[in-house]
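In what follows, a structure is listed as structure tokens, so that the remarks can point back to it.
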Amino acid sequence: MQDKGENYRMINFKHIIADEISKITNIEQKEIESYIEVPNNTENGDYAFPCFKLAKSMKKAPQIIASEIKEKLVIDEIIISKIDVAGGYINFYINNDTLVKEVCKEIDDKKEKYGSSDEGKNQNIIVEYSAPNIAKEFHIGHLRTTVIGACLYNIFKYLGYNTTGINHLGDYGTQFGKIIEGYKRWGNEYNLDENPIEKLTEIYIRINDLCKEDESVLEACRENFKKLENKDPYCTQLWEKFKNLSLKEFNKTYDILGIKFDSTKGEAFYADKTQEVIDILKKNGKLEESQGAEIVDLSDKGMPPCIVCKSNGSSIYATRDLAAILYRARTYDFDKCIYVVSDEQNLYFKQIFEVAKYLDLDKKYTDGLVHVSYGMTRLATGKMSTREGNVIKVNDLLNEAISRVLDIINEKNPNMEEKQENAKKIGIGAVIFNNLCNTLAKEQIFDWNNVLNFNGETGPYIQYIYVRTKSVLEKAGYEPEIKEIDFTKLEDKESIKVLKTIYKFNETLRAVIEKYEPSILARYLIELAQNYSNFYNENKIICDDKKVQDARIFLTKAVGKVLKTGAKLLGMEMPDKM
RNA sequence: GGGUCAGUAGCUCAGUUGGAUAGAGCACAGGCCUUCUAAGCCUGGGGUCGGGGGUUCGAACCCCUCCUGGCUCACCA
């Protein structure tokens with residue numbers, strides 16, 4: 001991704017340093033900037049340029065190169081206060097006075113929009129996430145895609161992208177042929193009015209067991225699905241009933257999580273749009289008949305073939321996904337279409353992205369297809385399966401979270417107002433944060449005590465530090481104007497560290513969408529909260545010196561804003577009290 | 001068996017694209033609330049970065065190989 005930070009008004013120290021080194025070395029600014037690093041030991045400055053990389057081409061020792069560059073470097077002291085040579089490194093110390101002013105002004109200027117930008121202007125992003133199967137429980141296996149997708153959606157939007165969130169419901173396929181078959185056989189035994197999903201699940205498990213015993217039942221199920229595709233009235237009516245009951249249940253969970261979608265067009269929506277996919281593939285000579293099915297051969301790409309038409313003539317998941325790509329390209333003119341789906345389907349997405357290239361689409365669209373893959377949530381005993389009946393429902397998890405938080409509140413702060421409301425924000429915040437704080441690729445072994453931990457690097461920790469900033473501001477009883485702030489009062493070690501962290505909020509958000517990795521933001525918020533905690537413990541905020549007090553209150557307010565904004569982007573609400 | 005992802009402290013994980021003495025949290029041991037919220041802060045111990053080769057000024061990171069685990073390899077989604 002090219003540098004899109006130019007429309008971002010805050011001073012870009014790294015950029016300036018690279019510019020100056022570039023002038024001296026005659027190496028491109030961009031290349032130099034990519035070499036510049038942030039020392040892990042802050043005593044080595046804020047930015048460092050390692051000269052080792054130049055040693056070979058310049059035929060000199062890195063230390064000598066470093067000294068020579070340093071001698072020629074002219075950077076205004078207002079920007080860089082000190083330049084050191086250490087080993088083969090040139091270390092840059094930014095001017096703290098300037099940093100403090102820049103950050104404070106920016107945050108005062110942008111208020112609640114601090115960190116946002118319009119870098120995504122005129123770019124259309126689709127994020128497909130959650131996508132539960134109707135007539136099945138919404139279980140903890142669906143949680144990660146839901147919160148990851150929502151987070152990416154939020155951040156793309158915050159950075160100015162025109163973003164569309166799609167819940168690609170699993171509302172089609174042989175499974176509905178199965179449920180219809182089960183309902184046909186035993187429907188009168190079940191009352192679907194209460195706990196409809198539970199009842200449908202029971203039917204599903206029961207028919208599945210029968211299918212295992214009796215191949216002809218499975219065939220009947222497939223036939224039902226075929227009828228459904230052909231708009232058979234009886235099957236369609238049942239399917240609509242199941243879908244509506246399911247959506248009603250799912251929406252309860254989405255409401256609790258605070259998640260919304262711009263579209264809930266599921267697979268069924270594309271059922272009558274698959275013929276075009278077949279036609280285009282056929283026209284392009286990409287369709288082959290194999291064992292009665294229509295396939296696209298991908299052996300030249302080192303992949304197994306992609307089935308687009310089953311031997312009984314029915315469409316399949318891939319066909320509908322390909323139809324969706326066509327539809328979305330035309331409807332949304334997307335620059336990126338992002339699928340947040342677990343790593344189970346890595347190969348599958350590689351296949352359909354490859355087949356999509358044969359659909360006569362502009363390269364823009366096929367290049368814009370992205371699979372954001374994440375490790376699945378599993379139980380210690382293995383994979384969850386609706387068929388096996390060993391699932392943990394999201395609603396149960398959230399209720400348990402809230403109940404455990406209530407216990408803690410009753411113990412620590414029994415007189416709290418709006419206990420229930422705050423417990424909800426804290427409990428759900430903990431669950432959401434827990435789902436976002438680790439690298440996506442890692443699989444998760446579900447553990448109640450891990451998910452519902454409220455100490456250390458957790459959602460509640462961020463919320464706690466936020467509530468603390470609120471409480472300080474409340475006690476102070478006023479908020480100073482920026483023109484009253486004496487920035488030199490914020491130049492102690494702890495304040496600087498906080499401000500440096502606030503400074504990199506926007507670049508953190510950009511890293512999240514560039515790498516499709518929400519954990520970068522989650523960790524950033526932990527870091528900011530820790531930095532503020534150190535500041536808080538080292539410094540008296542409300543104190544005798546009015547100038548110092550004003551400056552520290554301003555800093556406190558800034559931290560609160562960034563924590564709240566960042567948490568909101570993750571999908572967490574902030575409680576008022578803890 | 002092929003492909004792919006992962007393996008870092010007792011446990012859960014970071015590690016800014018190959019850089020300076022590998023860092024947090026939990027747990028453990030100790031300290032800090034008559035002073036802005038102790039769901040917090042500070043101090044301490046704890047490492048063959050899965051094993052072995054290689055690439056180079058330099059490797060947790062790149063290449064090879066082996067070990068372990070997840071996922072996956074045509075009519076489910």
Side-chain angles (χ1 to χ4, degrees), chain A residues 34-35 37-41 43-44 48 50 52-53 55-56 61-62 86-89 91 131 133 170 172-175 178 222 267 290-295 302-312 314 316-318 320-321 341-348 350-351 373 375-376 378 383 405 408-409 411-413 426 430 434 437-439 441-445 447 449-450 453-461 463-465 467-476 504 507-508 511 515 519-520 523 526-527 529-530 533-534 536-543 549 552-553 556 577-578:
Chain A
S34 74
Y35 292 161
E37 53 195 58
V38 178
N40 38 27
N41 186 344
E43 282 173 23
N44 288 325
F52 310 97
K53 297 188 207 293
K56 215 168 218 172
Y89 292 92
N91 293 329
N133 294 323
Y172 222 60
T174 309
Q175 52 178 331
K178 286 184 180 174
R222 288 192 181 131
E267 282 187 77
S290 172
Q291 298 171 33
E294 302 280 349
I295 65 157
M303 287 187 273
C306 180
I307 294 187
V308 289
C309 187
K310 299 197 280 190
S311 49
N312 71 353
S314 283
I316 191 169
Y317 189 49
R320 296 185 292 274
D321 260 330
V341 180
S342 83
D343 59 11
E344 254 182 322
Q345 297 190 31
N346 282 354
L347 175 62
Y348 170 75
K350 268 169 91 175
Q351 288 177 302
S373 162
M376 288 200 301
R378 296 186 304 127
K383 198 172 151 183
V405 171
I408 296 173
I409 290 174
E411 180 199 324
K412 297 192 188 237
N413 197 353
I426 298 164
N434 182 270
C437 66
N438 291 336
T439 310
K442 299 219 179 193
E443 66 173 274
Q444 291 190 324
I445 307 294
D447 173 10
N449 291 327
N450 175 28
N453 174 28
F454 306 127
N455 299 315
E457 296 172 334
T458 63
Y461 174 77
Q463 292 170 321
Y464 181 79
I465 302 303
V467 167
R468 178 179 270 174
T469 67
K470 292 295 278 185
S471 149
V472 170
L473 292 176
E474 198 177 304
K475 174 134 188 175
K504 61 180 187 183
E507 67 183 74
T508 301
K515 296 177 179 167
S519 65
I520 295 172
R523 296 191 171 281
I526 292 286
E527 184 188 338
Q530 276 171 346
S533 224
N534 292 334
Y536 175 91
N537 279 286
E538 289 298 321
N539 297 302
K540 205 87 184 97
I541 297 165
I542 296 169
C543 58
Q549 178 171 307
R552 289 180 178 166
I553 288 173
T556 298
K577 290 273 189 273
M578 273 182 89

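Here is the naming used below: chain letters follow the sequence lines, and residue numbers restart at 1 for every chain.
- Evaluation of the side chain to side chain donor-acceptor pair (under 3.5 Å) rule for N312(A) yields S314(A) as partners, not counting sequence neighbours.
- Under the ring-ring contact (aromatic ring centres under 6.0 Å, His included) criterion, F52(A) pairs with Y89(A), not counting sequence neighbours.
- With sequence neighbours left out, V467(A) forms a side-chain contact (heavy atoms from CB on, under 4.5 Å) with P575(A), M578(A).
- E37(A) pairs by the salt bridge (charged side-chain N to carboxylate O under 4.0 Å, His left out) definition with nothing, not counting sequence neighbours.
- Residues satisfying the ring-ring contact (aromatic ring centres under 6.0 Å, His included) criterion with Y317(A), sequence neighbours excluded, are Y348(A).
- Scored by the side chain to side chain donor-acceptor pair (under 3.5 Å) test, T556(A) finds Y532(A) as partners (sequence neighbours excluded).
- For Q175(A), whose side chain is taken as the heavy atoms from C-beta onward, the closest listed nucleotide among A77(B), G40(B), A20(B) is A77(B).
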Secondary-structure notation, RNA chain B, from Watson-Crick and G-U pairs under 3.5 angstrom (| other strand): (((((((..((((.....[...)))).(((((.......))))).....(((((..]....))))))))))))....
Contact letters for nucleotides 8-13 of chain B, in which S counts primed atoms plus P, OP1 and OP2 and B counts the base, heavy atoms under 4.0 Å: -----S
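- Side-chain proximity of V467(A) to U16(B), U37(B), A20(B): nearest is U37(B).
- Contact annotation for G87(A): no contact, since no heavy-atom pair falls under 4.0 Å across all strands.
- For R552(A), the side chain to side chain donor-acceptor pair (under 3.5 Å) criterion is met by N539(A), not counting sequence neighbours.
- The nearest heavy atom of RNA chain B to Y536(A) and to Y317(A) marks one nucleotide each, and the one closer to the 5' end goes with Y536(A).
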Protein proximity profile, nucleotides 41-47 of chain B - base contact B, sugar-phosphate-only contact S, no contact -, cut-off 4.0 Å on heavy atoms: SS-----
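- When heavy atoms are screened at a 4.0 angstrom cut-off, S471(A) is found touching base atoms of the nucleic acid.
- In terms of polar N and O atoms assigned as donor or acceptor, the side chain of N91(A) comes within less than 3.5 Å of the base of A20(B) in a complementary pairing.
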Do any N or O atoms of the protein come closer than 3.5 Å to N or O atoms of nucleotides 71-74 of chain B, and which pairs are they?
unit_1: C71(B); atom_1: O2'; unit_2: D343(A); atom_2: O; d: 3.3
unit_1: U72(B); atom_1: OP1; unit_2: E344(A); atom_2: OE2; d: 3.3
unit_1: A74(B); atom_1: N6; unit_2: Q291(A); atom_2: NE2; d: 3.4
unit_1: A74(B); atom_1: N1; unit_2: S290(A); atom_2: OG; d: 2.8

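- In this structure E267(A) satisfies the side chain to side chain donor-acceptor pair (under 3.5 Å) test together with R320(A), sequence neighbours excluded.
- If you check every strand for non-hydrogen atoms under 4.0 Å, R320(A) touches sugar and phosphate atoms only.
- Residues N346(A) and S373(A) have side chains that bring a donor and an acceptor to within less than 3.5 angstrom of each other.
- Looking at heavy-atom distances under 4.0 Å, N449(A) makes no contact with the nucleic acid at all.
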